[in-house]
Asker: 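First the structure, which I've put down as structure tokens, then a few questions once you've had a look.
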Amino acid sequence: MEMRQSTARVENQKVLQTVEALLAFDKKKKTGVTLFEEDENDKIELQVSVWHIGGKKTKTVPLALPHCMYEKNRDALLFVMPYKVLRLEYKPFEAKRNLAKSYDVFLTDDRIFKGMSRHVGKEFYKRNKYPIPVNLEMKNLKEKIAEIMNTVYINLSNRGSCSSANVANVGMSSENIAANVMEAVTIIGKEIAALFKAKYQKGQTRKQRKDGTKRLTPKQKLIKKRMDAKLREKE
């Protein structure tokens, strides 16, 4: 059986119309309340849903968007502390939430990145502020950090069918917002397709024996057993 692929097209014109309607709605004040809250910095979030989840591990994907959504200098925190210190100082839920709200970007030494997800907690992931791994021994470290500060990331999680990322803000033009959405959809679509392809190929590999023959299902094993018994009777 071959893996079947389908591609859902997102039309640029429809995205642009949706963005224009969204911005118009935001400008319309209803009892002094707008669609976007001030503490969210007027961000526009793109949510992606899939029918099936690909891969076993959560994958952080960088989205190199054509138009930068950040208008101000961003504050960053670099985790270089041992896990024990992180657990002790930020064990209470309130401490983790306050830390997540205090900085725009969180970086971590790539040597401790694998265990960070267990210690930072859901408050970081809820705000799309999952730590980004950095090789602190690389030569162009300053340039790399500057690149990370201006890059949007999406967390493709294996714990649910939905993922989201902030891709624009309401201060941008509708054309630039639409361009960011289109580019984000293109990148995310390719990443999801790659995850499903890898999962499918791994599943197919598991069905193969060491000698290259396919493993039999329980029903096939029963049929083979009966056929072998009949052959022995004829002998």
Asker: What about Tyr130 and Phe106, are their ring centers closer than 6.0 Å?
Answerer: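 That pair fails the under 6.0 Å test.
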
Asker: Is the backbone N or O of Glu94 less than 3.5 Å from a side-chain atom of Asn98, with the two atoms forming a donor-acceptor pair by type?
Answerer: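 At least one qualifying donor-acceptor pair exists.
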
Asker: Mind checking the CD-OG spacing from Gln47 to Ser163? Nearest 0.5 Å is all I need.
Answerer: 8.5 Å

Asker: How far does CD of Glu137 sit from CG of Asp109, to the nearest 0.5 angstrom?
Answerer: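 One gets 8.0 Å once the value is rounded to the nearest 0.5 Å.
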
Asker: Should Phe124 and Leu99 count as side-chain neighbours, where that means a heavy-atom distance under 4.5 Å?
Answerer: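 The answer is yes; the side chains approach within 4.5 Å.
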
Asker: Drop me the distance from Glu20's CD to Glu175's CD, to the nearest 0.5 angstrom.
Answerer: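 Result: 6.5 Å between the selected atoms.
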
Asker: Would you say Met172 and Leu16 are hydrophobically clustered, going by side-chain heavy atoms of ILVMFWY under 4.5 Å?
Answerer: no

Asker: Are side-chain heavy atoms of Glu183 and Leu63 found at a separation under 4.5 Å?
Answerer: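 Glu183 vs Leu63: side chains apart.
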
Asker: Restricting to non-hydrogen atoms, name the atom on Ile148 and the atom on Tyr153 that form the minimum distance, rounded to 0.1 Å.
Answerer: CG1-OH, 3.5 Å

Asker: Could you pull out the closest heavy-atom pair between Phe79 and Ile112, with the gap in Å?
Answerer: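 Between these two residues, the closest heavy atoms are O-CD1, 3.9 Å.
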
Asker: Can you tell whether the side chains of Lys142 and Glu147 come within less than 4.0 Å, N to carboxylate O?
Answerer: no

Asker: Would you find a donor on one side and an acceptor on the other, under 3.5 Å apart, between the side chain of Asn180 and the backbone of Ala168?
Answerer: no

Asker: How long is the span from the CD1 atom in Ile188 to the CG atom in Leu156, to the nearest 0.5 Å?
Answerer: 6.5 Å

Asker: Please confirm whether the backbone N or O of Pro133 pairs with a side-chain atom of Thr108, one donor and one acceptor, at under 3.5 Å?
Answerer: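 It does not hold such a pair.
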
Asker: Does some side-chain heavy atom of Met69 sit less than 4.5 Å from a side-chain heavy atom of Val152?
Answerer: yes

Asker: Can you tell me how far OG of Ser102 sits from CZ of Arg97, rounded to the nearest 0.5 angstrom?
Answerer: 11.5 Å

Asker: Output the distance between atom CD1 (Ile192) and atom CD1 (Ile187), rounded to the nearest 0.5 Å.
Answerer: 12.0 Å

Asker: Going by heavy atoms in the side chains, are Met182 and Val185 under 4.5 Å from each other?
Answerer: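 Heavy-atom side-chain distance check fails, nothing below 4.5 Å.
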
Asker: If we only count heavy atoms from C-beta on, is the Val170 to Leu23 side-chain gap below 4.5 Å?
Answerer: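 Result yes, sub-4.5 Å side-chain heavy-atom pair found.
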
Asker: Are the side chains of Lys129 and Val105 in touch, meaning some heavy atoms are under 4.5 Å apart?
Answerer: no

Asker: Between Lys43 (side chain only) and Asn169 (backbone N and O only), is there a donor and an acceptor less than 3.5 Å apart?
Answerer: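 Checked: no pair found.
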
Asker: Knowing that exactly one of Asp110, Leu78, Leu107 qualifies, which makes a side chain to side chain contact (heavy atoms under 4.5 Å, CB included) with Leu136?
Answerer: Leu78

Asker: Using side-chain heavy atoms (C-beta onward) and a distance below 4.5 Å, is Leu46 in contact with Asn166?
Answerer: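 They are not in contact (no side-chain heavy atoms under 4.5 Å apart), so the answer is no.
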
Asker: Look at the side chain of Asp104 and the backbone N and O of Asp75, then say whether any donor-acceptor pair between them is shorter than 3.5 Å.
Answerer: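 Looks like yes, one N/O pair under 3.5 Å.
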
